[in-house]
Amino acid sequence: MLASMGALPLFEADKARPFPRGFRFGVATSAFQIEGAADEDGRGESIWDRFCGTPGRVANGDTGAVACDHYHRYRDDLDLVAELGLDAYRFSISWPRIHPTGRGRPNQAGLDFYRRVVEAALERGLRPLATLYHWDLPQTLQDAGGWATRDTAAAFAEYTATVVGALGDLVDDWVTQNEPWVSAVEGYAQGKKAPGIADWPTAIRASHHLLLSHGLAVDVFRSAAPPGSRIGSTLNLAPMIPASDTDADIEATARADGYHNRWYLAPVLRGRYPADMLDFYATQGVDFSFVADGDEALIGRPTDFLGVNYYSVGRVREAGDASFLGFEFEPARAPVTAMGWEIAPSSFTDLLIRLDRDYGRPRILVTENGAAFPDRANGAHVDDPQRVAYLADHFEAARRAVEAGVDLEAYFVWSLLDNFEWESGYGPRFGIVYVDYETQERTFKRSALWYRDLVARHRLASTETV
Ligand code: FCB
């Protein structure tokens, strides 16, 4: 009956419940994906510069040399964030701008750049959330073994001390690492991302050193940061769904969850690896002698929040010996984004509730959520109804989790700008702001204006939720 009435009657608007008071709305970016200025002010080479320079690794041979030229345009870009009325800005710090060769004397020009970025955010009323590692390892450290080497974790702790010492008076909220699963698996097992290695046991070892470096950084942070500063890890979490109800698929799904989610959640939030996955990897030939006594306790140092990046789900079927993991993913089911990722907002609610229930009610920040669609600029307008629908559904999914009692404090949309999407280059557009890479002109997409209205109302419009 409502549908035939056209505009919704006023009482329907009450159905769109507000987000809690103090809930923060933000946008997220990362250094390599937007900054460009690859050779400026003493920046060193990162594994992503090397990867982009290796023929065949990145679509179209795209590189991060210019990207969105954010290094020179950060003030204008932060003006856009302020124009939308947002509360918070997540960005990452490029390790090779701070320590061009990974260790040693810091490069003051690099620290100064991030201080200017943070000051510009604060001047615009934006609360900064700084990520220490969003995948751009100094190449020199890779030459010495990268995350497959324990020493890289020690280098990360030194870098953390430098950055927190330089910016800790201005930045309250810190993320140690963005998505260690991606660094370890896509970087060391699948060879899809830098450094482009394809060896499973090496990837498991790399995952341990990434997690260890998180724990070491938390310790360093507690002694270097002013009281009240907060730190957490950001994990990319994806609910796993069995492809069928056979015992084999259900068992494979538990393993997929262990491999993708619990392998990171359990050590970070409980201080120990999941026993079933230790056993499974051991049967696959992984020798865990790289885990030293006390490592798990270090990884499990108390943190102040859990950062969650949510995009999609995995559909799992058992695959016997055909793969190292003994399972494989079924093709995604429609509807999907331009990345081919299944759109599954209700699984987002389930995930948040599960984290709350199984991991001791952590405070959660959604540090990324968003979608790529094939946007086209049409003069001063970019109409992206699919992204508006995607975001509306996912914000509503998160709000439902809050209503169910989840301690969700903030939500950062990925991403402010269209940007360098790693091995896919500049093809996929994730921004709520369209970037013309020829002219560097920025245009708000309809989703940006929609987001501005959501933030102003602090609730979704009734039409989006009924
Ligand atoms: C996440 C990354 C981010 C971006 C989005 C689409 O895995 O953290 O840099 O690539 O996916």
Side-chain angles (χ1 to χ4, degrees), residues 30-31 46-47 90-99 102-104 106 110-111 114 118 128-138 141-142 146-184 187 205-236 263-271 273 290-292 294-309 362-363 365 367:
S30 92
S46 82
I47 55 173
R90 175 177 179 228
F91 68 104
S92 82
I93 292 162
S94 154
W95 187 344
R97 280 198 200 283
I98 309 302
H99 290 296
R103 298 187 110 138
L111 292 169
Y114 291 107
V118 169
L129 170 62
T131 302
L132 287 159
Y133 186 69
H134 201 126
W135 306 351
D136 44 358
L137 189 75
L141 294 181
Q142 189 60 48
W147 291 110
T149 306
R150 192 175 176 94
D151 210 32
T152 300
F156 183 68
E158 292 164 23
Y159 157 68
T160 300
T162 305
V163 175
V164 172
L167 302 176
D169 58 329
L170 296 182
V171 179
D172 290 338
D173 296 339
W174 296 81
V175 163
T176 51
Q177 286 160 357
N178 183 69
E179 305 186 347
W181 176 90
V182 172
S183 294
R205 173 199 288 262
S207 74
H208 179 63
H209 296 141
L210 282 151
L211 287 161
L212 181 66
S213 77
H214 158 79
L216 290 170
V218 171
D219 273 358
V220 162
F221 183 82
R222 295 293 180 216
S223 55
S229 309
R230 307 186 307 167
I231 195 159
S233 175
T234 274
L235 305 179
N236 55 308
W263 186 253
Y264 302 87
L265 285 166
V268 168
L269 296 173
R270 294 188 183 144
Y273 283 114
F290 54 77
V291 180
D295 281 3
E296 287 171 279
L298 238 174
I299 299 169
R301 288 284 194 267
T303 48
D304 304 295
F305 60 83
L306 172 68
V308 174
N309 291 355
R363 168 156 302 155
L365 275 60
T367 39

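Because only heavy atoms are used, hydrogens play no part in the values below, and waters and symmetry mates are left out as well, while side chains stay in. A quick note: this is a predicted structure, and the numbers were derived from the prediction, not measured.
- Nearest heavy-atom pair, Gly102 versus Trp95, reported as atom, atom and distance to 0.1 Å: O-NE1, 3.3 Å.
- For the residue pair Asp151 and Arg103, the shortest heavy atom distance occurs at OD2-NH1, 2.8 Å.
- Ser46 contributes atom OG, which lies 13.0 Å from atom CH2 of Trp135 (distance to the nearest 0.5 angstrom).
- For the pair Asp173 (side chain) and Arg230 (backbone), a donor-acceptor distance under 3.5 Å is absent.
- Ring centroid separation for the pair His209 and Phe156 does not come in under the 6.0 Å cut-off.
- Looking at heavy atoms from C-beta onward, Val171 lies out of side-chain contact with Tyr114 at the 4.5 angstrom threshold.
- With hydrogens and angles disregarded, a donor-acceptor distance shorter than 3.5 Å links the side chain of Thr152 to the backbone of Gly146.
- Nearest heavy-atom pair, Arg222 versus Ser229, reported as atom, atom and distance to 0.1 Å: NH1-O, 4.1 Å.
- The CG atom of Leu306 sits 9.0 Å away from the CG atom of Leu365 when rounded to the nearest 0.5 Å.
- A distance of 9.0 Å separates CD1 of Ile299 from CG of Leu216, quoted to the nearest 0.5 Å.
- The shortest heavy-atom contact between Arg150 and Ala292 is NH2-CB, 3.9 Å.
- Between the side chains of Gln177 and Ser183, no donor-acceptor pair is found at a separation under 3.5 Å.
- Exactly one of Thr131, Asn309, Asn236, Thr234 qualifies for a side-chain hydrogen bond (donor to acceptor under 3.5 Å, both in side chains) with Asn178. That residue is Asn309.
- Contact check for Trp174 versus Asp304: no side-chain heavy atoms found under the 4.5 Å cut-off.
- Proximity of Phe221 to Thr303: side-chain heavy atoms (C-beta onward) are nowhere separated by under 4.5 Å.
- Between Tyr133 and Trp147, the ring planes are perpendicular. Angles over 60° get that label, and only those under 30° would be called parallel.
- Here the NE2-OG distance, from His134 to Ser30, works out to 4.0 Å after rounding to the nearest 0.5 Å.
- Atom CG of Leu129 sits about 5.5 Å away from atom CZ of Phe305, to the nearest 0.5 Å.
- Of all the heavy atoms in Ile93 and Ala130, the pair that sits closest is CD1-CB, 4.2 Å.
- Of all the heavy atoms in Leu132 and Thr176, the pair that sits closest is CB-O, 3.3 Å.
- Trp181 is not listed as a side-chain neighbour of Leu235, based on a closest heavy-atom distance of 4.5 Å or more.
- A donor-acceptor distance shorter than 3.5 angstrom exists from the side chain of Arg90 to the backbone of Thr367, with no hydrogens or angles considered.
- Atoms CZ and CG, from Arg205 and Leu210 in turn, are 13.0 Å apart once rounded to the nearest 0.5 Å.
- A donor-acceptor contact shorter than 3.5 Å is absent between the side chain of Glu296 and the backbone of Pro267.
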